[in-house]
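One structure is given below, encoded as structure tokens.
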Amino acid sequence: MKYSALSVFLQGLKGNRDWPEQWRSPEPKSTYDAIIIGAGGHGLATAYYMAKEHGLTRIAVLEKGWLGGGNPGRNTTIVRSNYLWEESEAIYEHAMKLREGLSHDLNYNVMYSPRGVMMLAHNIHDVQVFKRHVHANRLAGIDNEWLTPEEAKAFCPLLNIEKNIRYPVIGASLQRRGGTARHDAVAWGYARGASRLGVDIIQNCEVKGIRRDATGAVCGVETTKGVIATKRIGVVAAGNTSVVMAMAGVRMPLESYPLQALVSEPVKPMMPCVVMSNTVHAYMSQSDKGELVIGAGTDAYTSYSQTGGLHIARHTLDAICELFPPVRRLRMLRNWGGIVDVTPDRSPIIGKTPVPGLFVNCGWGTGGFKATPGSGHVFAHLVARGEPEAIAAPFTLDRFRTGRLIDEAAAAAVAH
Amino acid sequence: MLLIRCPYCEMDRPELEFRYGGEAHVARPLDPMATTDEDWASYLYVRANPRGLHAERWRHIHGCGRFFNALRDTVSDRIMTTYKAGTPRPAATGGGR
Amino acid sequence: MAQPFRTRSGGRIDRARPVRFFFDGVAYQGQAGDTLASALLANGVHLVGRSYKYHRPRGILTAGPEEPNALLGIDRGAGRFAPNIRATEVMLTEGLTARSQNNWPSLGLDLGAVNSLFSRFYSAGFYYKTFMGPKSAGPKLWHRLFEPVVRHAAGLGAAPAGADPDRYAAFFAHCDVLVVGAGPAGLAAALAAASSGASVVLCDEQDEPGGSLLAETAATIDGTPAAEWLAATLQALAALPNVRLMPRTQAFGYYAQNLIGLNERVTDPLGTVDGNAPRERLWQVRAGEVVLTTGAIERPLVFPGNDRPGVMLAEAARTYLNRYGVTVGSRIVLATVHDSAYRAALDLKAAGVDVPLIVDVRARPAGPLVEAARAAGITIETQTTVIGTKGGKRVRAVGLARCVDGAFVAPHWAACDALLVCGGWTPSVHLHSQSRGKLVFDEDCQAYVPGDSVQRERSAGACRGHFGLATALREGGEAGVEAAARAGFAGGKAPRLAVGGTHPERGGYIGALPHPEEATDKAFVDFQNDVCETDIRQAVREGMRSIEHVKRYTTTGMATDQGKTSNLNALAIAARDLGKSIPEVGLTTFRQPYTPVTFGVFAGASRGDLFDPVRQTPIHGWAAENGAAFEDVGLWKRAWYFPKGGEDMHAAVARECRQTRASAGIFDASTLGKIEVVGPDAAKFMEKLYTNPWAKLEPGRCRYGLMLNEAGFVMDDGVIARLAEDRFHVTTTTGGAPRVLNHMEDYLQTEFPDLRVWLTSTTEQWAVIAVQGPKARDIVAPLVAGFDIAHEAMPHMSIREGTVCGVPARVMRVSFTGELGYEINVPADYGRAVWEAVWAEGRRYDAVAYGTEAMHVMRAEKGYIIVGQETDGTVTPDDLGLNWAIGKAKKDFVGKRSLIRPDMVAAGRKQLVGLVTANPATVLEEGAQITTTATPAAGTTALGHVTSSYDSPALGRSIALALVADGRKRKGETLHVPMPGGAIAVTVVDPVFFDPRGDRLDV
Amino acid sequence: MSDRSSSTLHRRSPFAGLALPGGEGLALIPAPEATRLILRGDPATVAAFGLPVPERLKATTTGARAALWLGPDETLLLAPGEDAAALQSVSISGPHSLVDVSHRQTGLVLTGRLAALCLSSGCPLDLRLTAFPVGMATRTLFHKAEIILWRQAEERFHIEVWRSFAPYLAGHLAEACAGTTGL
């Protein structure tokens, strides 16, 4: 059934009793042309584009929990493409372009809200770094502009631009097309779209092993729902990538860190855009529901526990209160953690592996949600064709051997 | 906030006093120039990142200043044991609390 | 007193002390000891809010922190407004001002209520299916048109404006046993644990400890009325030195290794705004052992129209009566599936309220309470369900029908002005779950109860699903003894307490009550988020099989009460349609915090200058007194430039540069990192950590040192002096100091532990005064003693120890300006005095004080790099033309191996060059990109970027440093810097602009 | 000329012109000027300064001199009123490192009923006497500043802090004191 104002109206008249399933919940078949491990946003998008653009429909997406239950449901919903290096610019901008048409493409309102992402500069080093971004982005044809403190305040009235505070705002960069999107909607929209194109999304099905034939190529997966044969596997397991790849004997340049976020109680609109500050270590936006959505930095040590430490919440909130004094009286409603897989250069790995038939898409760190459509799109191409398209080509595993790193962390000093 | 037993102070101390140092027992090649690009990349970047027991480095940077190793369950964050740098990884025993 | 629903006697309020308060502008009176909720009810006010989505009238449902409806804005004066506060948690104080939320123009007449007419079109997840507009519109329609409407409609209370003037405090605390919840179980636990000598903290969220005992009228403990036992027990606990009783203190989070977060409300409950006292305090308690006695929360019933004002939990009504002396209605009907509601009915009846009817869904309710109700003349309709309610802003009647094998017979209406409901009791397992303890479903009380513990905690009493006063006291005592013993304090004694006047209570039901499918009204599950039974069933129909999906799709349990009263009912409704058992469907995670906690209390004192340390050099005061502008560098404040007589920055910097090169400039370099490397193997260690050779550097000489990380990229640099065979004075960048010391300690301790060398930070031991310029020697000479600073005796790049102004000093002859220069290191306490002496000497030569900006300009004129500006973590020594700083003969140093990786030696790497613009007045923008063409198409690959750019007084033109692909090969080439106003042509030149031969240093 | 090269200047403490918290329950006063040396290497060498070798996490004293255990190979020597140069000339056998940090950090004495509680506003250690007894000394954290904390009596702490963090430390102690109102 096509979603529209009309269908909402007609179904409403019938008491909303006839809405169809958004996605099927099938049992696994014995064999598939390709298997995607991980039904997060990236995995579901990969399956969707494999079916839609590469004509592959005998695909299964295996998920050990429930679809979209990992980072898609835990991130702070920020989207932007103002990265520094052109390799990063290309893939995040690719995602941005796809996202602009995504609601219609999926017939699912992902609530992409280009409300602007502003990054605050508090010292001269910040200014140098952010202006370098602005110039690099403009050359790449990506919108990103420099604002004076007064212009920044005009765009986000909540901002405190007094000169005598501990970390005064001395400028800001702004990507107007940046903003937020509804995280669950992206995962669910892709799931519904993929399912309608014949993709089997199999939840509560944990992969326990990866089978390889005499030549060393992959030939199937062992799961909690039995063995499934396939010659092509795409691993899109985010924080659990190292664990899954180890099943194929591949060691990765990855570490999994907890990333915490929290929300306030809902209040009437007070925050029109997304604001980030790396010097003060805080970023914040306001959801359509009215909650202030606040992100912390990654925890200090690797972990798969999705729980938050009190000191992390404290460190995040003292920064937020310093940046936005009026929020001091608001209250924290919910605090949670996700797991992000981080590479040494803070850029993703999208590529082949030493194992024939095994492909990996990981290492998105804190950029995963921003990249989802683009990541799925290029990875679909890689898994379907066996060769990366231009945008994905630089993000090989091999770059760590040759030293051709794409170091967003070192260059950008931008954490999120 | 974890409590971590510093093997040099022989005392449980709050996590805030420590700095995480990544995977333990990743030894620097004795003759780096003799290693292949693959081996060097593996030393520099490849990490076990296990879901479960993890041998890792910590430094009691705001305490005695020493680097040491810990055996931690990365799922529960429970630290099974800590031991001095340079000593081999022990069997996963001992109370973590 | 005009409080029509206040009883004549009873309750714990102070009838002698009236309290005035305001609700939506209307003045009311309550009594000391009231909560805002009980005071409103005493005045007959039930309608307190409008619901989130449909704007339906809502009344007070509960008497505690689980309240979903009565959320108000509390205004305590300028900057002291807080939205979404539960009326059930606000202590009534003189002049308290409260506002209802989410209505316009008024609570009584809310135009938003039209929403409820169209409610069928706002079913679960409707917004995912519409608001998209035509494809051509792209995301605009949503962002520009629909989203603003949605955002305005959503959000509960108004946002606070202005800075919060209140103080917040935070403390770490430690105890042997922490008891959470001062109800009967908690009190018994504290008594028992304390008797062992263990240090005990007993916290309770309420203003007054006692929990259920505060509303208990019938029960006796040890033969005395519960209230008297409570008073005596609190006295006894207060008298114990090893017990800390903390009322108004919410345990909101259970973290790793028994760290529990407590939030103590201090000034709000007192209604005072003390100049000193904090509004709230955060206690980060590390407890040896924890006893959870957090009780249970009464469940509402799900039936059509169950949200009308006047519909209230039965025990809440009993609490308002017994604790606050308030009757919640004059004609009260009860609907229940649990015996405890009968207690409420009996107490209300005894208080003279008309209680005509108890509706029990169960077929055969029995037991002493049921008998007593019958005996009291209350009609009991069994096997009867609620099929609807009537009433506008207050319930007027309740619709009932008997359930006979699936059919609903003999429907009828019963008039009432309050409908008390009880679906049974849900143990408060939040903290146990947060501690990662397991939960198991208990068929008996139809709820999840604590399973195995993971941390050092145990639950006792109602929060464990074990109900009844006697059980609570017994289990609490046992838990207290056990906890103390495990904390190392054996021999604790559990109090033996005889309990009278109570009766066993059974029952419990989850999910929607049976009602006809074609119910006309909505049956609410999550009141605050307006989630109905039909929404949850629709979500299941749409393929949401995981309870997490149902929760996210319908938003049930995601409101500010986090589903305390609704989660189990939602779970049961979903489970029924999924055809699964409750445990099969699972349970959503209990996250911190238990109830919302003020941001400010997390931040505590960390605000303003206490947010981060403001580090100042010993010479800072002089700079401030001399009008310096400062810049932030890490935590440091550094003198940026010294404007004179209305100069702007550009003029001041130009003057500082010119005068320094003409005569001399004096610069505070104290923030430079300094590390003393000492020991027989000091040189060996330096060989490993820096690219340069050190073995042959003679004592008394200095060398520029370059440090790489293991990946081969430049990490830090600085001048390093050898004081003796076994002693180096190492300097680092200002920002890099801690990082470099940690990096050194890391390699020393873990890779080269056999080296006999030790590191000590001396960054703050020395104040550093740089004197640069042709007159530098003339200025410094008169002040030094103990060594000869003549050119020959003390050549460039050397160090001497002696005194300056009689103070022990290390003087280095070094230059970061290209001029003859000295850096005087003196013990920090003498820094200001020596600076003033040097300054006085400098005045004789018209020397200037210069700041970091002039320093940057002058070093750029010389092509000296600044790590972090010319480098960004991706730059190698060769990229910077610094290969001369690499000890070619060295077998190994940190980073060496990485330098020969294929892409580190490949062609096309970006190399440091100088750039000059055609127009000498044009100053390039730092960060600007560099291309081969003046009009690059979007997506053109940049050759590199401008790293530094200044107007150079020495050259009388603009200069810039840049990293450019194959830059050294491009010298003389014309490249372009695209800017919004058009590209700027630049010529690639050598990065050393000024005195390339270095003659000025050799004087 | 030479007069300028030998003029005797006065030390200026980082607390000069700083208001320190003082009053009922809490007093913060600067410790007397002292020579401070970081001795690294074998801790036994503190004997050369006439001081007993401190056990782990402990301090020892002889007269006004004190030795604080900071780590297995790091000891802080405190010598109030003594000359740094003279103290450094003490002959020590065996490889070691002796570095003058008299001006790197500064000393404070915190006393009063609220001393431990106010420290607990930023120090995560268990400061109950049972866990942090008199005579214990250790490096730790106070909010975002590193300190050395030495308990000299139940209600008396000696604190060492890097000079540029001193105002931050004093500010937080004053704030913490206000935060204890009603306790």
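Only this structure's heavy atoms are used, side chains among them; waters, hydrogens and symmetry mates stay out. Within every chain, numbering begins at 1; the chains are lettered A, B, ... in the order of the sequence lines, protein sequences first and strands thereafter. Computed from a predicted structure; not experimentally measured.
In this structure, chain A has no heavy atom under 4.5 Å from any part of C:Arg909. Within the 4.5 angstrom heavy-atom criterion, only side-chain atoms of A:Gln203, from C-beta onward, approach chain C. No part of C:Phe146 comes within reach of chain A, as not one of its non-hydrogen atoms sits under 4.5 angstrom from that chain. For C:His152, the part lying under 4.5 angstrom from a heavy atom of chain A is the backbone only. The part of C:Glu631 that comes within reach of chain A is its side chain, from C-beta onward, which places non-hydrogen atoms under 4.5 angstrom from that chain. Contact annotation for C:Leu156: both backbone and side-chain heavy atoms come within less than 4.5 Å of a heavy atom of chain A. Proximity to chain A involves both the backbone and the side chain of C:Leu635, based on heavy atoms less than 4.5 angstrom apart. Heavy atoms of A:Glu265 lying under 4.5 Å from chain C belong to its backbone as well as its side chain. Of the atoms belonging to A:Thr279, not a single heavy atom falls under 4.5 Å from chain C. For C:Asn263, no part lies near chain A; criterion is any non-hydrogen pair under 4.5 Å. With a threshold of 4.5 angstrom between heavy atoms, A:Gln22 approaches chain C through its backbone and through its side chain. Proximity to chain C (any heavy atom under 4.5 Å) is shown, for A:Pro157, by neither the backbone nor the side chain. Contacts between C:Arg144 and chain A at a heavy-atom distance below 4.5 Å are absent for every atom of the residue. Heavy-atom distances place no part of A:Asn204 under 4.5 Å from chain C, backbone and side chain included. Looking at A:Glu291, the atoms closer than 4.5 Å to chain C (heavy atoms on both sides) all sit in the side chain, from C-beta outward. Both the backbone and the side chain of A:Arg404 come within contact range of chain C, each with at least one heavy atom under 4.5 Å from a heavy atom of that chain. Contact annotation for A:Ala90: neither backbone nor side-chain heavy atoms come within less than 4.5 Å of a heavy atom of chain C. Looking at C:Thr534, neither its backbone nor its side chain comes within 4.5 Å of chain A, counting heavy atoms on both sides. With a 4.5 Å cut-off on non-hydrogen atoms, A:Ser287 touches chain C through its backbone but not through its side chain. For a residue to count as touching a neighbouring chain, one of its non-hydrogen atoms must lie under 4.5 Å from one of that chain's; by this rule A:Leu13 touches chain C with backbone and side chain alike. Interface residue A:Leu139: backbone and side-chain heavy atoms are both found under 4.5 Å from chain C. Interface remark: A:Arg99 contributes no atoms to any contact with chain C (heavy atom separation under 4.5 Å). In this structure, chain C has no heavy atom under 4.5 Å from any part of A:Arg399. Contact annotation for C:Arg537: neither backbone nor side-chain heavy atoms come within less than 4.5 Å of a heavy atom of chain A. Using a 4.5 Å cut-off between heavy atoms, C:Ala124 does not touch chain A at all. With a 4.5 angstrom heavy-atom cutoff, C:Arg545 touches chain A only via side-chain atoms.
For the options C:Ser948, C:Gly735, C:Pro593, heavy-atom pairs under 4.5 Å to chain A are most numerous at C:Pro593. Comparing A:Asn16, A:Asn123, A:Asn335, A:Leu67 by heavy-atom pairs within less than 4.5 Å of chain C, the highest count is held by A:Asn16. Between chain A and the residues C:Phe126, C:Tyr122, C:Phe81, C:Phe252, the largest count of heavy-atom pairs under 4.5 Å involves C:Phe81. Taking chain A as the reference chain and counting heavy-atom pairs below 4.5 Å, the highest number among C:Val633, C:Val977, C:Val905, C:Val614 is found for C:Val614. For the options C:Leu282, C:Val150, C:Asp612, heavy-atom pairs under 4.5 Å to chain A are most numerous at C:Asp612. Per-residue counts of heavy-atom pairs under 4.5 Å with chain C were compared for A:Gly290, A:Gly65, A:Ser25; the largest is that of A:Ser25. Listed options C:Phe599, C:Phe602, C:Phe713 were ranked by heavy-atom pairs under 4.5 angstrom with chain A; first place goes to C:Phe599. When the candidates A:Met271, A:Glu21, A:Arg166 are compared by the number of heavy-atom contacts under 4.5 Å with chain C, A:Arg166 comes out ahead. Residue with the most contacts toward chain C among A:Lys14, A:Glu100, A:His315, A:Met270: A:Glu100 (heavy-atom pairs, distance under 4.5 Å). The most heavy-atom pairs under 4.5 Å with chain A, out of C:Ala906, C:Gly162, C:Pro83, C:Gly868, come from C:Gly162.
With 3.5 Å as the limit, one finds no donor-acceptor pair spanning the side chains of A:Asp18 and A:Gln11.
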(request) Please lay out, stage by stage, how C:Thr874 and A:Leu405 fare under the test side-chain contact (heavy atoms from CB on, under 4.5 Å). (result) CA-CA 8 Å; C:Thr874 69; A:Leu405 305 186; over 6 Å; no
(message) Please determine whether side-chain contact (heavy atoms from CB on, under 4.5 Å) holds for the pair C:Met558 and A:Arg334, giving the CA-CA distance in whole Å, both sets of side-chain angles, and the decisive distance to 0.1 Å.
(response) CA-CA 9 Å; C:Met558 297 183 81; A:Arg334 221 166 36 250; 3.8 Å; yes
(request) Please test C:Tyr553 against A:Asp184 for side-chain contact (heavy atoms from CB on, under 4.5 Å), starting from the C-alpha separation and ending with a verdict. (result) CA-CA 9 Å; C:Tyr553 194 61; A:Asp184 286 333; over 6 Å; no
(message) If you apply the rule side-chain contact (heavy atoms from CB on, under 4.5 Å), what do you find for C:Gln284 with A:His311, and how did you get there?
(response) CA-CA 9 Å; C:Gln284 302 155 93; A:His311 61 297; 5.6 Å; no
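A salt bridge does not link A:Arg176 with A:Asp143: every distance from a Lys NZ or Arg NE/NH1/NH2 to an Asp or Glu carboxylate oxygen is 4.0 Å or more. Of the charged side-chain nitrogens involved, none lies within less than 4.0 Å of a carboxylate oxygen, so that A:Arg328 and C:Asp166 do not count as a salt-bridged pair. Ionic pairing of C:Glu925 and A:Arg138 is not present here: no N-O contact between side-chain nitrogen and carboxylate oxygen is shorter than 4.0 angstrom. A salt bridge does not link A:Arg346 to A:Glu408: none of the charged nitrogens lies less than 4.0 Å from a carboxylate oxygen. The pair C:Glu542-A:Arg192 does not meet the salt-bridge criterion, since no charged nitrogen lies less than 4.0 angstrom from a carboxylate oxygen.
Between C:His549 and A:Trp66, the angle of the ring planes goes over 60°, which puts this pair in the perpendicular group of the 30/60° scheme.
Looking only at distances, a side-chain donor or acceptor of A:Gln286 sits under 3.5 Å from a matching main-chain atom of A:Val267. Counting only distance, with no hydrogens or angles, the side chain of C:Gln562 and the backbone of C:Pro596 share no donor-acceptor pair below 3.5 Å. In this structure, C:Gln528 contributes its side chain and C:Thr560 its backbone to a donor-acceptor pair below 3.5 Å. Not a single donor-acceptor pair under 3.5 Å links the side chain of C:Asn84 to the backbone N or O of C:Leu71. Remark: the backbone N or O of A:Gly69 is paired with a side-chain donor or acceptor of A:Arg74 at under 3.5 angstrom. Checking side-chain atoms of C:Ser435 against main-chain N and O of C:Tyr254 turns up no donor-acceptor pair under 3.5 Å.
Figure legend: cation-pi geometry between A:Arg182 and C:Tyr127 absent, as NZ or CZ is not positioned both under 6.0 Å from the six-membered ring centre and within 45° of its axis. For the pair A:Arg132 and A:Trp146, the cation-pi test (distance below 6.0 Å, angle within 45°) is failed.
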Solution key, residues 134-143 of chain C side-chain donor-acceptor pairs under 3.5 Å, sequence neighbours excluded:
residue, atom, partner, partner atom, Å
C:His143, ND1, A:Ser113, OG, 3.3
C:His143, ND1, C:Glu147, OE1, 3.1
C:His143, NE2, A:Pro114, O, 3.3

